[in-house]
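Note sheet for the following structure.
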Amino acid sequence: MKRKLLCLIKMVSKNLLYGLLMQCLFMTTLAAHEINAQIRPIDESFIRLNKVQWDLAEIFRKVEKSTDYKFVLPEEILDKNPN
(Lines give C-alpha, C1' and ligand atoms only; values in the text may rest on other atoms or scores of the structure.)
Protein backbone atom coordinates (compact mmCIF):
# COMPACT_ATOMS: atom_id res chain seq x y z
CA MET A 1 0.00 0.00 0.00
CA LYS A 2 2.73 2.43 1.01
CA ARG A 3 4.77 1.52 -2.06
CA LYS A 4 1.79 2.11 -4.40
CA LEU A 5 1.21 5.52 -2.84
CA LEU A 6 4.87 6.49 -3.31
CA CYS A 7 4.77 5.35 -6.96
CA LEU A 8 1.58 7.33 -7.52
CA ILE A 9 3.09 10.48 -5.98
CA LYS A 10 6.23 10.04 -8.09
CA MET A 11 4.19 9.62 -11.30
CA VAL A 12 2.01 12.67 -10.60
CA SER A 13 5.06 14.79 -9.73
CA LYS A 14 6.83 13.72 -12.91
CA ASN A 15 3.78 14.60 -15.04
CA LEU A 16 3.43 18.00 -13.34
CA LEU A 17 7.12 18.71 -13.97
CA TYR A 18 6.76 17.79 -17.65
CA GLY A 19 3.70 20.03 -17.92
CA LEU A 20 5.56 22.93 -16.30
CA LEU A 21 8.52 22.48 -18.64
CA MET A 22 6.23 22.44 -21.68
CA GLN A 23 4.49 25.62 -20.53
CA CYS A 24 7.84 27.35 -20.02
CA LEU A 25 8.97 26.29 -23.49
CA PHE A 26 5.80 27.58 -25.15
CA MET A 27 5.80 30.84 -23.19
CA THR A 28 9.42 31.62 -24.11
CA THR A 29 8.58 30.89 -27.74
CA LEU A 30 5.66 33.32 -27.59
CA ALA A 31 7.75 35.98 -25.84
CA ALA A 32 10.49 35.69 -28.47
CA HIS A 33 8.10 36.44 -31.35
CA GLU A 34 8.69 39.87 -32.87
CA ILE A 35 5.64 42.10 -33.14
CA ASN A 36 5.07 45.61 -34.46
CA ALA A 37 2.56 47.75 -32.63
CA GLN A 38 2.88 50.62 -35.09
CA ILE A 39 2.90 50.71 -38.84
CA ARG A 40 5.92 52.98 -38.98
CA PRO A 41 8.46 53.68 -36.22
CA ILE A 42 8.09 57.08 -34.59
CA ASP A 43 11.62 58.11 -35.55
CA GLU A 44 10.67 57.76 -39.23
CA SER A 45 7.68 60.14 -38.94
CA PHE A 46 8.39 63.77 -39.75
CA ILE A 47 6.06 66.75 -39.52
CA ARG A 48 6.95 70.31 -40.41
CA LEU A 49 5.23 73.07 -38.40
CA ASN A 50 5.73 76.59 -39.81
CA LYS A 51 3.88 78.67 -37.27
CA VAL A 52 5.96 80.63 -34.72
CA GLN A 53 3.80 80.13 -31.65
CA TRP A 54 1.64 77.05 -31.13
CA ASP A 55 -0.91 76.05 -28.57
CA LEU A 56 -0.27 72.56 -27.20
CA ALA A 57 -3.72 71.35 -28.24
CA GLU A 58 -3.10 72.64 -31.79
CA ILE A 59 0.15 70.69 -31.99
CA PHE A 60 -1.55 67.44 -31.00
CA ARG A 61 -4.39 68.03 -33.47
CA LYS A 62 -1.91 68.75 -36.27
CA VAL A 63 0.10 65.61 -35.52
CA GLU A 64 -3.06 63.47 -35.39
CA LYS A 65 -4.21 64.85 -38.76
CA SER A 66 -0.82 64.34 -40.40
CA THR A 67 -0.08 60.86 -39.03
CA ASP A 68 -1.83 57.72 -37.83
CA TYR A 69 -0.97 58.49 -34.20
CA LYS A 70 -3.72 59.18 -31.67
CA PHE A 71 -3.15 60.98 -28.37
CA VAL A 72 -5.13 60.61 -25.17
CA LEU A 73 -4.37 63.37 -22.68
CA PRO A 74 -6.17 64.86 -19.69
CA GLU A 75 -7.88 68.18 -20.41
CA GLU A 76 -5.80 69.89 -17.68
CA ILE A 77 -2.69 69.48 -19.81
CA LEU A 78 -4.32 71.07 -22.84
CA ASP A 79 -5.94 73.99 -21.01
CA LYS A 80 -4.31 77.40 -21.42
CA ASN A 81 -5.05 78.36 -17.81
CA PRO A 82 -4.73 75.22 -15.66
CA ASN A 83 -6.14 75.37 -12.12
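The chain is numbered in sequence order, starting from 1.
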Remaining members of hydrophobic cluster (4.5 Å side-chain criterion), Leu17: Leu21

Euclidean distance, Arg61 CZ relative to Ile59 CD1, rounded to 0.5 Å: 10.5 Å

For Glu58, side-chain hydrogen bond (donor to acceptor under 3.5 Å, both in side chains) partners two or more places apart: Lys51

If you link ILVMFWY side chains whenever their heavy atoms are less than 4.5 Å apart, which other residues fall into the same cluster as Val72? By chain and number, please. none

Applying the 4.5 Å side-chain criterion to the ILVMFWY set and letting contacts propagate, would Leu20 and Leu25 be lumped into a single cluster? no

When Ile, Leu, Val, Met, Phe, Trp and Tyr are grouped by side-chain heavy atoms lying under 4.5 Å apart, directly or through other members, which residues fall in the same group as Tyr18? none

Output the distance between atom CG (Leu16) and atom CE (Met11), rounded to the nearest 0.5 Å. 10.5 Å

If the condition is side chain to side chain contact (heavy atoms under 4.5 Å, CB included), which residues does Ile9 pass it with, not counting sequence neighbours? Leu5, Ser13

For Met22, which residues count as a side chain to side chain contact (heavy atoms under 4.5 Å, CB included) partner, sequence neighbours excluded? Phe26

May I ask you to check whether over 12 heavy atoms, not counting those of Lys70, lie within 6.0 Å of atom NZ? yes

